[in-house]
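Take a look at the structure set out below.
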2 protein chains.
Amino acid sequence: MSCETDTVKVLRTTGHKATPQRLMILAALRHGSGHLTATEIFGEVQVEYPYVDISTVYRTLGVLKELRLVSETDMGTGDTTYEWVQHQGRHHHLICRNCDEVTSLDHQYLEDLGAEIMAESGFKPDLDHFAIFGVCARCRLEAERN
Amino acid sequence: MSCETDTVKVLRTTGHKATPQRLMILAALRHGSGHLTATEIFGEVQVEYPYVDISTVYRTLGVLKELRLVSETDMGTGDTTYEWVQHQGRHHHLICRNCDEVTSLDHQYLEDLGAEIMAESGFKPDLDHFAIFGVCARCRLEAERN
DNA sequence: ATGGTACATGCAATTAATTGCAACTACATT
DNA sequence: AATGTAGTTGCAATTAATTGCATGTACCAT
Ligand SMILES: [Mn+2]
Ligand SMILES: [Mn+2]
Ligand SMILES: [Zn+2]
Ligand SMILES: [Zn+2]
């Protein structure tokens, strides 16, 4: 059973429809690896189906985010990015506000945080894909030398 | 020495200027408590000085954020909100994606996370003001009953 | 297969935020 | 106090994202 079929099932069982537009958006998310902007996805879909509207892309991404099939993240570049969650498994990013370097952060750090919050407040956090800003080791050392 | 004077000093020593517009924006942040939108701040300043432009507000908020005097947070309401960091001290928020309830989260949780990240990667995260989305205890129990 | 309906789409209009640029000004230096 | 300049402002234009609405369609139930 293809992953596309799985997703279609999730859509249907949650009261959504598997439209051609959505299938194309799903394909774009699947093919493109990593973080994609809405405009990039829009461009991909347009190749096949020029009548698609950017609002359909945003609305579909909204649905997929609600279903937690994609993550939506501001990586500090102005454009919000979307990532198919199964691509990399759960992970997060450290982004240096000085040199803009982006690195990955293992999910375990946030898993622990989530468990603590859950245990003490009953609130179950979605810790799908965080962008954590700060200063990287290199830039910090550089700054200290001055 | 007033807090306004402190801020002016911070601005000057970091190569920025203390313009009348900025002082009015600072006053708006200081008076208004809690999370303010750029439009709300804009409105406040306009009362006193109608010629101010919204771009000046955004640019000033950008500077103040860089200096970590205000936090910038998407609370899930469509408009980004800004908060004068000294108002509440460091704190964070848990936001239920089902009922939209917003609660506070003590900084300690994130302090610990930050220390761990710092120790293991050398990256020093800014953990000023997080909005953590998820499902609150009440909504979770409600969902389980169905 | 057909029909009814809740959901989705495309389009246009709107809102939020950003950016380029020429004119202006705060303020450090003299 | 006068000067030079880096940084700031207002304005207009742009871009990113959202929303209202009339039309269209997926898909469940028959
Ligand atoms: Mn990622
Ligand atoms: Mn807050
Ligand atoms: Zn760096
Ligand atoms: Zn709730």
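Everything numeric in this text was worked out from a predicted model, so none of it was measured. We name chains A, B, ... by the order of the sequence lines, and we start the count at 1 in each one.
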Interatomic distance where [atom1] belongs to [X] and [atom2] belongs to [N] [whole Å]:
{"X": "A:Lys17", "N": "D:dC27", "atom1": "NZ", "atom2": "C1'", "answer": "7 Å"}
{"X": "B:Asp79", "N": "C:dT14", "atom1": "CG", "atom2": "P", "answer": "18 Å"}
{"X": "A:Glu40", "N": "D:dT15", "atom1": "CD", "atom2": "P", "answer": "16 Å"}
{"X": "A:Leu61", "N": "D:dA16", "atom1": "CG", "atom2": "C1'", "answer": "13 Å"}
{"X": "A:Asp53", "N": "C:dG10", "atom1": "CG", "atom2": "C1'", "answer": "5 Å"}
{"X": "A:Leu67", "N": "C:dC7", "atom1": "CG", "atom2": "P", "answer": "14 Å"}
{"X": "A:Tyr51", "N": "C:dA8", "atom1": "OH", "atom2": "C1'", "answer": "19 Å"}
{"X": "B:Tyr58", "N": "D:dT9", "atom1": "OH", "atom2": "P", "answer": "16 Å"}

Under 3.5 Å side-chain donor-acceptor pair for B:His31 and B:Glu44: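 There is no such pair (donor and acceptor under 3.5 Å, judged by atom type) between the side chains of B:His31 and B:Glu44.
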Distance below 4.0 Å between [X] side-chain N/O and [N] OP1 or OP2:
{"X": "B:Tyr49", "N": "D:dG10", "result": "yes"}
{"X": "A:Gln21", "N": "D:dT25", "result": "no"}
{"X": "A:Thr19", "N": "C:dA8", "result": "no"}
{"X": "A:Ser55", "N": "C:dT9", "result": "no"}
{"X": "B:Tyr82", "N": "C:dA17", "result": "no"}
{"X": "B:Arg22", "N": "C:dA26", "result": "no"}

Within the 4.5 Å heavy-atom criterion, are A:Tyr82 and A:Val57 side-chain neighbours or not?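 No - every pair of side-chain heavy atoms lies 4.5 Å or more apart.
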Reading DNA chain C from 5' onward, which residue's closest nucleotide shows up sooner: A:Thr56 or B:Ile54?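 The 5'-side residue here is A:Thr56.
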Quick one: label A:Ala38 by what it contacts on the DNA or RNA (base, sugar-phosphate, nothing), any heavy atom closer than 4.0 Å.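 Here A:Ala38 touches no strand at all.
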Counting the atoms with a prime plus P, OP1 and OP2 as sugar-phosphate, which does A:Pro20 contact under 4.0 Å by heavy atoms, base, sugar-phosphate, or nothing?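 Contact class for A:Pro20: sugar-phosphate only.
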Where is the tightest heavy-atom contact between [X] and [Y], given as atom of each residue plus distance?
{"X": "B:Ser71", "Y": "B:Val85", "result": "N-CG1, 3.7 Å"}
{"X": "A:Leu11", "Y": "A:Lys17", "result": "CD1-O, 4.2 Å"}
{"X": "A:Arg68", "Y": "A:Asp126", "result": "NH1-OD1, 3.1 Å"}

Do the side chain of B:Arg59 and the base of D:dG7 come within less than 3.5 angstrom through a donor-acceptor pair of N or O atoms?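 Side chain to base: no pair present.
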